[in-house]
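Below: the structure, in structure tokens.
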Amino acid sequence: HWAMQKAAEGDLDVRIAGEVGNRHDEIGALARQFDEMAERITGLLKRQKRLFHDVSHELRSPLARISIAIALAQKSPQKTDELLERIEHDVQSLDALVDELLTYARLDDNAPMNFEVLNIVALIEGVVDDANFEGSAKNVSVRLNAPKQCLVNTHVDTLLRAVENLIRNAIRYSPPQSTIDVDVATTQSQAVITVADHGPGMPEDEIERMFDPFVRGKNQATGNGFGLGLAIAKRAVERHGGSLSAANRPEGGLMMTIT
């Protein structure tokens, strides 16, 4: 009772399994469940607090630049057109960030989503075609290896967003004149989608956190990303009852695996 009261007051550091000892009855089971619940809630609050901090940090820089540009335009009217272009660029950046955040929020566990059984190979073919066009700017090609059909209970927009984000991440890191392999395979009960590149890979100590919001690795290529693409992909896959993982390839590069 006292532990519940403490939790209700906001003290989530209370743990009671040690207080009741190694009991194997219902009281012991309840104590362990309470501790697990408190641990999960504590972790959720910490992630939420970190997310708020990261969002505020991402918003602060473009807002500061806009304020400076407005002040300079007031002092130097002859530079107004140049400064308006800079302001427009920062506004577009803010708009893109808000869009990414909304997408991430919509993938919350409690948000309703409509699923239907579809052939995901046909869907991924379209993503790969678009990715080839995008990759042509640096002579990076994307190759799809897949059966003609792979039926999955799918929410189309979110699954395609996940695959697209993984491929775009691979393009960003891939050296010129290289190929990215997108493979689709099936088992009796699962579909497996892999995206493998020939880039620098990731330091092993960063792989576990690379799917967290706003995380950018040491090998982060230049670009305008916010560090939300992989976080969105992970949430989208998890909403499909699946998992997303990454591993360095022995021959070099990174392989992302959706199961």
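Shown here for Ile167 and Ala131, the closest heavy-atom pair between the two residues is CG2-CB, 3.5 Å. Heavy-atom minimum distance, Val195 versus Ala170: CG1-CB, 4.0 Å. Between Val121 and Ala146 the shortest heavy-atom distance is CG1-CB, 4.0 Å.
For the atom pair CZ (Phe211) and OG (Ser243), the distance works out to 9.5 Å, reported to the nearest 0.5 Å. Interatomic distance, Glu134 CD to Glu164 CD, rounded to the nearest 0.5 Å: 7.5 Å. Put simply, CG on Leu123 and SG on Cys150 are 10.5 Å apart, with the number rounded to the nearest 0.5 Å. To the nearest 0.5 Å, atoms CZ (Arg143) and CG (Asn132) are separated by 10.5 Å. Atom CE of residue Met113 and atom CG of residue Leu159 lie 9.0 Å apart, to the nearest 0.5 angstrom.
Ile120 has its side chain within reach of Thr154: a pair of non-hydrogen atoms, C-beta onward, lies under 4.5 Å apart. Contact of the Ile180 side chain with the Ile171 side chain is registered, since non-hydrogen atoms from C-beta on lie closer than 4.5 Å. In this structure, Val128 and Ile124 have side chains that are in contact, with non-hydrogen atoms separated by less than 4.5 Å. For the pair Val182 and Val142, the minimum side-chain heavy-atom distance is below 4.5 Å. Two residues are said to be in side-chain contact when any heavy atoms from C-beta on lie closer than 4.5 Å; Gln149 and Leu151 meet this criterion.
Judged as a ring pair (Phe, Tyr, Trp, His ring centres under 6.0 Å), not a single pair has a partner in residues 175-196 (not counting sequence neighbours).
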For residues 78-88, which side-chain donor-acceptor pairs fall under 3.5 Å, sequence neighbours excluded?
{"residue": "Thr80", "atom": "OG1", "partner": "Pro77", "partner atom": "O", "Å": "2.7"}

Name every donor-acceptor pair, under 3.5 Å, that has one atom in a side chain of residues 248-258 and the other anywhere in the protein, sequence neighbours excluded.
{"residue": "Asn248", "atom": "OD1", "partner": "Met202", "partner atom": "N", "Å": "2.8"}
{"residue": "Asn248", "atom": "ND2", "partner": "Met202", "partner atom": "O", "Å": "2.6"}
{"residue": "Asn248", "atom": "ND2", "partner": "Glu204", "partner atom": "OE2", "Å": "2.9"}
{"residue": "Arg249", "atom": "NE", "partner": "Glu251", "partner atom": "OE2", "Å": "3.3"}
{"residue": "Arg249", "atom": "NH1", "partner": "Asp197", "partner atom": "O", "Å": "2.7"}
{"residue": "Arg249", "atom": "NH2", "partner": "Glu251", "partner atom": "OE2", "Å": "2.8"}

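Linking Ile, Leu, Val, Met, Phe, Trp and Tyr residues whenever their side-chain heavy atoms come within less than 4.5 Å places Ile70 and Leu94 in a single cluster. In this structure, Leu72 is not a member of the same hydrophobic cluster as Ile66, with clusters built from ILVMFWY side-chain heavy atoms closer than 4.5 Å. If you chain together hydrophobic residues whose side chains sit under 4.5 Å apart, Val192 and Val163 never meet in one group. Val156 is connected to Leu144 through a chain of hydrophobic side-chain contacts under 4.5 Å among Ile, Leu, Val, Met, Phe, Trp and Tyr, so both are in one cluster.
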Determine, stepwise, if the pair Arg239 / His155 fulfils side chain to side chain contact (heavy atoms under 4.5 Å, CB included). CA-CA 9 Å; Arg239 283 305 305 270; His155 183 270; over 6 Å; no

Between Ile232 and Arg161, does the side chain to side chain contact (heavy atoms under 4.5 Å, CB included) criterion hold? Intermediate values first, please. CA-CA 8 Å; Ile232 288 171; Arg161 181 74 173 260; 4.0 Å; yes

Run the numbers on Ile193 and Asp183 for side chain to side chain contact (heavy atoms under 4.5 Å, CB included), then give the verdict. CA-CA 6 Å; Ile193 306 166; Asp183 289 85; over 6 Å; no

Using the rule given for side chain to side chain contact (heavy atoms under 4.5 Å, CB included), can you reason through Leu230 versus Leu166, listing the C-alpha separation, both sets of side-chain angles and the distance that settles it, and then say yes or no? CA-CA 7 Å; Leu230 295 182; Leu166 297 190; 3.6 Å; yes

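Formation of a donor-acceptor pair under 3.5 Å by the Lys138 side chain with backbone atoms of Ser174 is found in this model.
Counting non-hydrogen atoms of neighbouring residues, nucleotides and ligands closer than 6.0 angstrom, the CD atom of Glu208 reaches no more than 12 such neighbours.
Listed by chain and residue number, nothing satisfies the side-chain hydrogen bond (donor to acceptor under 3.5 Å, both in side chains) test with Asn139 (two or more places apart in sequence, or in another chain). Under the side-chain hydrogen bond (donor to acceptor under 3.5 Å, both in side chains) criterion, Ser245 pairs with no residue at all, not counting sequence neighbours. Under the rule for a ring-ring contact (aromatic ring centres under 6.0 Å, His included), His198 has no partner lying at least two apart in sequence or in another chain.
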